[in-house]
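Below is one structure, written out as structure tokens; the observations come after it.
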Number of protein chains: 2
Amino acid sequence: MRSVRDALDLLGGKWKLAIIVSLLEGPKRFKQLQRDVTGITAKMLSKELKELEVNGLLSRSVQADVAPVAVTYTLAPYGDTLLPVIDALHHWGSQHRMNIMHPQEAVAAKTEVSEPVAA
Amino acid sequence: MRSVRDALDLLGGKWKLAIIVSLLEGPKRFKQLQRDVTGITAKMLSKELKELEVNGLLSRSVQADVAPVAVTYTLAPYGDTLLPVIDALHHWGSQHRMNIMHPQEAVAAKTEVSEPVAA
DNA sequence: CTGTATCCATGGAGATACTG
DNA sequence: CAGTATCTCCATGGATACAG
């Protein structure tokens with residue numbers, strides 16, 4: 001259970017997963033991420049990136065020798081290990097949506113339906 | 001990404017997973033759950049249980065014909081479908097802990113270490 | 001561009017007391 | 001036992017302005 005909480009604390013926020021998923025496409029810069037992750041503010045993005053960096057999921061590299069300084073965020077190779085987690089969440093999430101919206105279709109095979117659905 | 005968020009919204013709270021994990025052992029009553037899930041207050045437990053019920057993950061049954069009414073919470077069969085998710089989180093969570101505490105051991109196989117660890 | 005600092009609204013969540 | 005109601009504190013997070 002403790003491991004589960006660790007993972008959840010790290011990924012459970014509102015933005016972390018979105019950022020990671022975005023970075024799965026490749027390295028991005030700050031502004032680019034802010035465009036990708038719809039709705040996030042600079043403050044939040046900055047904070048989240050810091051946390052992800054501390055946790056070793058991504059690395060931050062500064063290129064100071066260009067006009068307006070350029071900062072690039074790259075998902076650590078280790079960040080890829082999150083794929084199974086993301087996949088599990090994705091899989092279950094879509095299943096769940098079906099269960100809530102169309103319970104009889106979704107679980108028809110495994111539960112006893114008192115009356116078959118007419119339509 | 002939307003499915004991922006759905007799953008996260010449902011499981012991301014502070015207590016939901018703990019409650020579910022506890023209920024994996026079998027049906028429990030309110031007080032029993034409150035003892036199991038360390039630190040949770042009655043208010044939170046009540047709220048979380050309600051949400052989980054709405055989402056169809058557990059069912060609530062009242063036995064009114066006993067002295068102090070007895071309420072039992074049972075994980076829906078569908079709740080078992082969360083096992084892969086829990087497992088993925090657990091697996092990654094424990095891996096992550098290692099990566100943070102002992103980076104060289106954990107990723108030694110897949111990253112180029114500039115200098116082999118002496119010890 | 002890449003952030004940080006400040007202000008502020010909202011809601012999450014604990015403590016406590018109370019009800020059926 | 002199984003909750004609900006109320007009060008309150010505090011963290012999260014948005015908006016905005018500012019800085020390197």
Side-chain angles (χ1 to χ4, degrees), chain A residues 1 5-23 25-55 57-75, chain B residues 1 4-20 22-23 25-55 57-75:
Chain A
M1 190 64 224
R5 277 246 52 78
D6 282 356
L8 232 44
D9 286 346
L10 195 67
L11 308 175
K14 203 172 169 183
W15 306 111
K16 303 246 174 55
L17 246 308
I19 294 171
I20 289 167
V21 168
S22 172
L23 282 180
E25 295 172 9
K28 305 242 173 108
R29 296 180 47 181
F30 191 86
K31 200 72 176 189
Q32 224 176 333
L33 278 170
Q34 197 176 356
R35 272 191 299 265
D36 272 30
V37 182
T38 325
I40 198 170
T41 61
K43 188 177 86 172
M44 277 303 110
L45 182 53
S46 175
K47 205 189 79 181
E48 304 284 72
L49 286 171
K50 230 172 259 173
E51 291 181 28
L52 291 173
E53 193 189 358
V54 166
N55 283 282
L57 262 74
L58 58 79
S59 60
R60 177 179 184 274
S61 69
V62 185
Q63 182 146 14
D65 58 335
V66 291
V69 63
V71 179
T72 306
Y73 294 90
T74 308
L75 200 62
Chain B
M1 190 65 222
V4 178
R5 277 246 53 79
D6 282 357
L8 231 43
D9 287 346
L10 195 69
L11 308 174
K14 202 171 168 184
W15 306 112
K16 303 246 174 55
L17 248 306
I19 293 172
I20 289 167
S22 172
L23 281 180
E25 295 173 9
K28 305 240 174 111
R29 297 178 49 180
F30 191 87
K31 200 71 176 190
Q32 223 175 334
L33 279 169
Q34 197 175 357
R35 272 190 299 267
D36 272 30
V37 182
T38 326
I40 198 170
T41 61
K43 188 177 86 173
M44 277 302 108
L45 182 54
S46 176
K47 205 189 78 181
E48 304 283 73
L49 286 171
K50 230 172 260 174
E51 291 182 26
L52 291 173
E53 193 189 359
V54 166
N55 282 282
L57 262 74
L58 58 79
S59 61
R60 177 179 183 275
S61 70
V62 185
Q63 181 146 14
D65 58 334
V66 292
V69 63
V71 179
T72 306
Y73 293 91
T74 308
L75 200 62

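Order of the sequence lines fixes the chain letters, A, B, ..., with proteins taken first and strands second; residue numbering starts at 1 for each chain. Atom set for the values below is all heavy atoms of this structure, side chains included, hydrogens, waters and symmetry mates excluded.
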Quick note, salt bridge (Lys or Arg N to Asp or Glu O under 4.0 Å) partners involving residues 12-22 of chain A, not counting sequence neighbours, are A/Lys16-A/Glu48, A/Lys16-A/Glu51
Terminal contacting nucleotides, 5' and 3', DNA chain C versus chain A (heavy atom, 4.0 Å)
C/dC1 to C/dT6
Restricting to side chain to side chain donor-acceptor pair (under 3.5 Å), what partner residues turn up for A/Arg5, sequence neighbours left out?
A/Asp9
Ranking D/dG14, D/dA2, D/dT4 by distance to the side chain of B/Lys50, first place goes to D/dT4
To the nearest 0.5 Å, tell me how far A/Leu57 CG sits from A/Thr74 OG1.
12.5 Å
Determine: side-chain N/O of B/Arg29 to OP1/OP2 of D/dC1, distance under 4.0 Å, yes or no.
no
For residues 33-45 of chain B, dump all side-chain donor-acceptor pairs below 3.5 Å to protein atoms at least two apart in sequence or in another chain.
from: B/Asp36; atom 1: OD2; to: B/Ser22; atom 2: OG; distance (Å): 3.0
from: B/Asp36; atom 1: OD2; to: B/Lys28; atom 2: NZ; distance (Å): 2.6
from: B/Thr41; atom 1: OG1; to: B/Met44; atom 2: N; distance (Å): 3.3

Kindly say if B/Lys31 contacts the phosphate of D/dC1, meaning a side-chain N or O under 4.0 Å from OP1 or OP2.
yes
Does B/Lys47 place a side-chain N or O at less than 4.0 Å from the phosphate oxygens OP1/OP2 of D/dA2?
no
For nucleotides 15-20 of chain D, print each protein N/O atom paired with a nucleotide N/O atom at under 3.5 Å, atom names and distance only.
none

Return the CG to CG distance between B/Leu75 and B/Leu52, rounded to the nearest 0.5 Å.
9.0 Å
Nearest atoms (heavy-atom pairs only) where B/Thr72 meets B/Arg29
OG1-CG, 4.0 Å
Using five base pairs at each end to define the local axes, how bent is the helix from C/dC1-D/dG20 to C/dG20-D/dC1, to the nearest 10°?
40°
